[in-house]
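Please read the structure below before turning to the comments.
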Amino acid sequence: MEDSIPVNQKIKHQELGETGRPWEETVTTSQAPELGLSEALELEQGPETGLQPRSSPPTMPLSGARTPDRPVDDLVGLRASFPSSAFQELPSTLSPLALARQDFMAPWQSDKTTSVIPEAETPHFGHLEQLSDKGGSTLHQTCQSKGNTFHQSQQTKYPLYELRDVSDHTSKQKELRFDIFQEDDSDSNCHLDQPESGASQVAPSMLEIAIQNTKAYLLKTSSKSGLNLYDHLSEMLTKVLDKRPENAVDIIENISQDVKMEHFSKKLDTLQNENEMLPTYEMAEKQKTLFLQGNVEGADQELEDEIAEHALPNIMESAFYFEQAGVGLGTDETYRIFLALKQLTDTHPIQKCRFWGKILGLEMNYIVAEVEFREGEDEEEVEEEDVPEERDNGDSEADEDDEDELPRPFYKAPQAIPKEESRTGANKYVYFVCNEPGRPWVKLPAVTPAQIVIARKIKKFFTGRLDTPIISYPPFPGNESNYLRAQIARISAGTHVSPLGFYHFGEEEGEEEEEIESGRDSFEENPDFEGIQVIDLVESLSNWVHHVQHILPQGRCNWFNPIQKSEEEEEEEDEEKEDEKGEEPDDTEQEVGPPLLTPISEDLEIQNTSPWTTRLSSNLIPQYAIAVLRSNLWPGAYAFSNGKKFENFYIGWGHKYSPDSYTPPVPPPVYQEYPSGPEITEMDDPTVEEEQAFRAAQEAAANSTEENEETEEEEDEEDDYD
Amino acid sequence: MDAESLLLALELASGSGQGLSPDRRASLLTSLMLVKRDYRFDRVLFWGRILGLVADYYIAQGVSEDQLAPRKTLYSLNCMEWSLLPPATKEMETQTSVVKGRFMGDPSHEYEHTELQKVNEGEKVFEEEVVVQIKEETRLVSVIDQIDKAVAVIPRGALFKTPFGPINVNRTFEGLSLSEAKKLSSYFHFREPVELKNKTLLEKAELDPSLDFMDSLEHDIPKGSWSVQMERGNALVVLRSLLWPGLTFYHAPRTKNYGYIYVGTGEKNLDLPFML
C-alpha cells in the first residue's frame, strides 16, 4: 500500500505535462486553504495521525458534478487528492515539505484564479488517473539524499513556475517539473527509507518499466498539433462518460474529431499556406489579364482592324505542326504565349512578329519573340557605347601629352568595330523577351560585333535575370541581356532555314554581283512558290536554304573595314559557315561568308556528321507527314515544313554543340609595355673581376694623366726655374 | 514517368520543349501495356528518348516489386517493338567512355576506337595499335545506366522502406508541400545510396530510416548542377539537370504527380564548371 502510493504519486507527477498542473497540485493547499492548513497541521502532528483526516479529502473528488466546464472544481478535487496521497507516505519528511508548501501558500493564494489555468486537456487527467492506475510502477530510481539545499531550490523554483506562461506546452517544462517532483519524491522517499528501513522499496521491475514507458509514449506530444494521445483519450472518455450517448462505440470517431476541433478554433497553418500560394495566385492574376485583354471595349472597326492585321502569326498552327515533330511547349502554355504576343503587338507598333522560341535558364526561362517594327517607328537607341570610347581616347592622348617623359606604350586598342545599323545584318530584327507569359516584355538591346565575337568564346548558362553580369574570360562586354541577344543572333544566323524558293531576291537587286563585298541582304517572299514535296525536303538538304545572313568572324554580317583604305583587294576566302573560332585577320582581309540563301547542304560537318538531321514526322501515315529538320550544331533548333508552309523554332539552353569539351581561351601574351633601351634596361652589376679590371684600367689612365701632368709640371717648373 | 499517367506526365514535362509526337504517344500507350504484361513488371516507366543522327531510341524501364532493384531496360526505334537491353557492367562503362559524339541511331553500328595495347610476343613487349570495336548497343546501355545513377530523381516520401528490406511505393504519399518542393534536399537519387553512410551521426539522427534511405540531391557535385524552377505560378516544380542536359524532373506539389524523362543526345555536359 505504501509502495503503491508513492508509485501513484510519482506517476501522476510524471504525467503532468502541463505547466499548471503540478503547481496546482502542490498549491492545492493554497487553493483550499483550510484543507492545506489542516493537512500541514496534520503533517506536523505526526505520521500516524495524519492518516485519518485524509479520508475526507479523497472523497471530495468523487463527489460533485464534474464537467469540463468547471475545471476549477476538478482541479480542487485533484489537488485534494494529490496531496493526500502524497502526504500519506511522507511521515517524517513532511515537516520540511510542509514548510516549503506553507511558504507558497501565501503567494499562491493571491493567484488563485490565475493559477487555475483551465487547460482543456488537463482537468480530467487526475480523475482518470485515480480511476485507472493503481498499479505499481517504479517511481524512485534515484534515491539521492539532498539536504536543505534541495528544499531551497524547490522554493526558488516554485515562483518561477508561477510566472511562467501557463499555456506554454513545452516538454522542457514538463521535464523540469518532473525532475523537481522526482527529486521531491526521491527525497521524500529517501527520507522515507531512513525511518522506515523496513519498508521494502521494490526494485523497479520490468513490468513497471514497461508500463512507465508506455505511459511516456502515450504522453508524447504530437509535433503537428501539440496534443498527446493520453490527454486526448482521457478527454474523449470523459466526454463520453459525461454525455452518455447512445451507441457510443459507433460514433467514437466523431467524438474524437469533435474533441480535437474544440482545441483549435484557429488553424495556425493558414498563414503559412497563404504565403506559399501567393505567387501562384499572382501568376494566375497576371495571366487572367491576358485573357481579358481581348474584352476591351472596342468598336467593330477595331475588330476589323485586328483581323486585317497580319502582324501576329498563327502560333497555334505552327505549334500543331511542331507537335507532330515532338517539339513543343504544351497546348495551353503555347496559347498563353500566343496571348502574350498579341499583347505585345497591341502595345508596340509592330510590323511583323514571330515566336522565336524559348531559352531555358537556371532560375527562370526566356520566351523570345522576334519582331520587326514598322517603317520609321523604330525606337532609336542612344548610342552610348561610342561616346565613352571617344572620351577615353581623348583622355589618354591628353595624358600622353602632359607626361611625355614617360615611355609611350606600344599598345593601341584595336578600334571597336561599329555595330550594324538596325534593320540590317545581325540587327535586322528586334527581340523581346519575357520570363513567363503574363509578365511584361522587355526589349533586348542591339547586338554589337564585339559581343558576338566574345560570345563565341564563352559558354555560360543563362540565369533568367537580364541584369546578371557575365563573369568570364574573355570578359564579356555587357550583361546577360547582351549575351542573350548575341546568342539569339548566332542561333538565328545558324539555324533559320526555309525551303528553297520560298524566298527569293527581289527584282530591284539586279543581277548577281561578283563582288561579295556588298552581299545581298534582303529578300522577299516568292509569290510564285509552288511548294516542294515533303519527301524531297527530307531526303535532300539542298532543298533548304538559310535566309538569315551569316555572321562573319568579325561579328557583323556586312564586312566593315577597320582600316580606312579606299580600295581593297578582294580576296576570296571561303570561310565556311560553321567555323566557330574565326581568326581575326591581322591585316584587312575581307571576311566573306556564304551569301544569303545558300542551301544548307553547304554547311560544314561536325566531325563527319551532318549538321542537320531530317526526319519525316510520322512513318505510319506518310501522306500527311511533314518534314522536320533538326540541327545538330545548335541542339534545340527545329524547322518544319509541309511543303508550302514552314517555321523555325528554338527550344534549348542556348549553346552550340561541340564534340570536344569547351576550353577557355588562353590569355594573350604579355605586351611589351615600353621600348627597351639602355636607359631602362637593367644591367647586371659588374663582377668583381670586371670591377678590378676596370679600376686597374682607370688607375692606369689616371697614372698616365698624372704622369703627363707631372711631366708638365716638371716642365713648367723647369721653365720656371729657368 | 509512369506509363499509366503518360499523357499527364508528358503535359507536365513539356516545359523543356521536347516531348513526343502524337503518333509516338499513341503507340507508347499501347505497347507499354503489352510490355508490362509480357515481362510481368510491377510498373513500367517511360524513361525517355535519346536522339540519334539517323533515328531516335525510345527507352522504357520495367520495375519489379522492389523499387530499388536494378531495373530492366528496353529500347525501341518505333515505340512498338521493344527489345531488352543487357544489364550494365563496369567493363561496359570503361569501354564506352572513350566514345564521344552523337549516337547514330542504329543499334548495330560500331564505333571504332584505336587503342595502344601492349602485346607480348615472346620476350618483346611492344605497343600495337588495336582497333577496338564498340557496339552502339553497349554504349546505349552504359549511357542509360550512367544517367540513371547520376540524375534519376524521386521525391522524398514517394518510396518507403520496410524493415525486411524491399522498398515499396508509398501509397499515402500526398506530394511535397510548396516550401519543401523548392528545396533540393527533398529530392533523392533513385538509386542505391552511396553517400548515406558518410553522414555524421548528428545528421543521421534527424533522418527517418523508412523514408530517408537514399542520397539527396543537395550534396551533388558540382554545386548548382540542378536548376529548380517553378512553373505555372507555383503549381509545378521542375528540376532540370545541367550535368546531363535533357533530363527533366517534374512534380506538382501537394499532388501525387511526379516523374522524370530524359530527352537528349545522351552526352554528358563536361563543360558544366565553365558554364556556371
Side-chain angles (χ1 to χ4, degrees), chain A residues 272-273 275-284 286-287 323-333 357-358 360-365 436 458-461 464 472 606-610 613 615 617-621 630 632 635-636 649-653 655 657-664, chain B residues 10-27 49 51-56 78 80 100-102 104-105 177-179 181-182 224 226-236 238 240 242 245-246 248 253-254 263-265 267-276:
Chain A
Q272 284 180 355
N273 281 345
N275 277 342
E276 286 179 347
M277 293 309 280
L278 264 178
T280 322
Y281 296 144
E282 268 179 32
M283 207 55 229
K286 279 196 194 126
Q287 295 186 343
E323 201 191 337
Q324 304 293 312
V327 177
L329 291 173
T331 322
D332 38 342
E333 190 68 18
K358 179 172 173 181
L360 303 171
L362 293 181
E363 294 165 28
M364 286 186 286
N365 306 321
E436 252 185 281
I458 65 175
K459 197 171 177 187
K460 284 271 183 187
F461 276 121
S472 63
I606 323 162
Q607 280 202 350
N608 305 328
T609 59
S610 158
T613 306
R615 208 63 68 77
S617 66
S618 155
N619 290 326
L620 301 171
I621 309 177
R630 201 169 69 203
N632 294 329
F649 188 69
Y650 181 83
I651 170 113
W653 295 95
H655 299 114
Y657 170 77
S658 83
D660 303 316
S661 305
Y662 167 76
T663 46
Chain B
L10 283 173
E11 179 71 28
L12 291 176
S14 61
S16 310
Q18 319 256 12
L20 293 176
S21 56
D23 66 335
R24 297 280 181 236
R25 241 184 278 162
S27 8
R49 190 168 132 202
L51 309 172
L53 291 173
V54 174
D56 298 336
N78 57 3
M80 257 317 179
K100 281 195 259 189
R102 300 283 302 270
M104 279 309 290
S177 72
L178 259 176
S179 52
K182 291 187 195 165
W226 287 94
S227 136
V228 184
Q229 283 180 17
M230 306 297 297
E231 292 196 359
R232 301 169 190 218
N234 274 353
L236 184 65
V238 176
R240 291 200 184 94
L242 304 176
T248 312
R254 297 216 207 91
V263 180
T265 61
E267 288 167 298
K268 200 167 178 176
N269 180 18
L270 293 167
D271 306 331
L272 184 60
F274 292 113
M275 295 168 76
L276 286 176

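Values below: every heavy atom of this structure, side chains too, minus hydrogens, waters and symmetry copies.
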Inset, instruction - Tell me, for A:L362 versus chain B, whether the close heavy atoms (under 4.5 Å) come from the side chain, the backbone, both or neither. - result: both
Inset, instruction - Please flag which part of B:V263 lies under 4.5 Å from any non-hydrogen atom of chain A: side chain, backbone, both or neither. - result: neither
Inset, instruction - Report yes if some heavy atom in the side chain of A:W653 is under 4.5 Å from a heavy atom in the side chain of B:R240; otherwise report no. - result: yes
Inset, instruction - Return the option, out of B:A13, B:G246, B:G224, B:G15, with the maximum number of heavy-atom pairs under 4.5 Å with chain A. - result: B:G15
Inset, instruction - Would you name the heavy atoms of B:G52 and A:R630 that are closest together and state the gap between them? - result: O-NH2, 2.8 Å
Legend entry - Backbone N/O of B:L272 and side chain of A:K459: donor-acceptor pair under 3.5 Å: no
Legend entry - Validation row: A:E436, B:E231 side chains within 4.5 angstrom (heavy atoms): no
Inset, instruction - Tell me, out of B:V228, B:V54, B:L12, who's got the most heavy-atom pairs with chain A below 4.5 Å. - result: B:V54
Legend entry - Interchain contact, B:R25 with chain A, by part (heavy-atom threshold 4.5 Å): side chain
Legend entry - From B:S14 atom OG to A:D332 atom CG, the distance as rounded to the nearest 0.5 Å: 7.5 Å
Inset, instruction - Can you sort out the partners of A:F649 under ring pair (Phe, Tyr, Trp, His ring centres under 6.0 Å), two or more places apart, ordered by chain and number? - result: A:F322, A:F355
Legend entry - B:R102 and A:Y657, any side-chain heavy atoms less than 4.5 Å apart: yes
Inset, instruction - Would you check if the side chain of B:S21 reaches a backbone N or O of A:G326 as a donor-acceptor pair within less than 3.5 Å? - result: no
Legend entry - Region of B:L53 that comes under 4.5 Å of a non-hydrogen atom in chain A: both
Inset, instruction - Would you mind checking which part of A:S617 comes under 4.5 Å of any heavy atom in chain B, side chain (CB onward), backbone (N, CA, C, O), both or neither? - result: backbone
Legend entry - Proximal component of B:D56, with respect to chain A [non-hydrogen, under 4.5 Å]: both
Legend entry - Separation of B:S227 OG from A:E363 CD (nearest 0.5 Å): 8.5 Å
Legend entry - Smallest separation among heavy atoms of B:Q18 and A:G636, with atom names: NE2-CA, 4.5 Å
Legend entry - B:L10 versus chain A, the contacting section by heavy-atom distance below 4.5 Å: neither
Legend entry - Contacting region of B:E11 [heavy-atom separation from chain A under 4.5 Å]: side chain
Inset, instruction - Determine the option with the most heavy-atom pairs under 4.5 angstrom with chain B, choosing from A:A325, A:P664, A:G652, A:S472. - result: A:P664
Legend entry - OG1 on A:T663 to CZ on B:F274, rounded to 0.5 Å: 7.5 Å
Legend entry - Under 3.5 Å donor-acceptor, B:Q229 side chain and A:G361 backbone: yes
Inset, instruction - Decide yes or no on side chain to side chain contact (heavy atoms under 4.5 Å, CB included) for B:D271 and A:F461, but give the supporting numbers first. - result: CA-CA 11 Å; B:D271 306 331; A:F461 276 121; over 6 Å; no
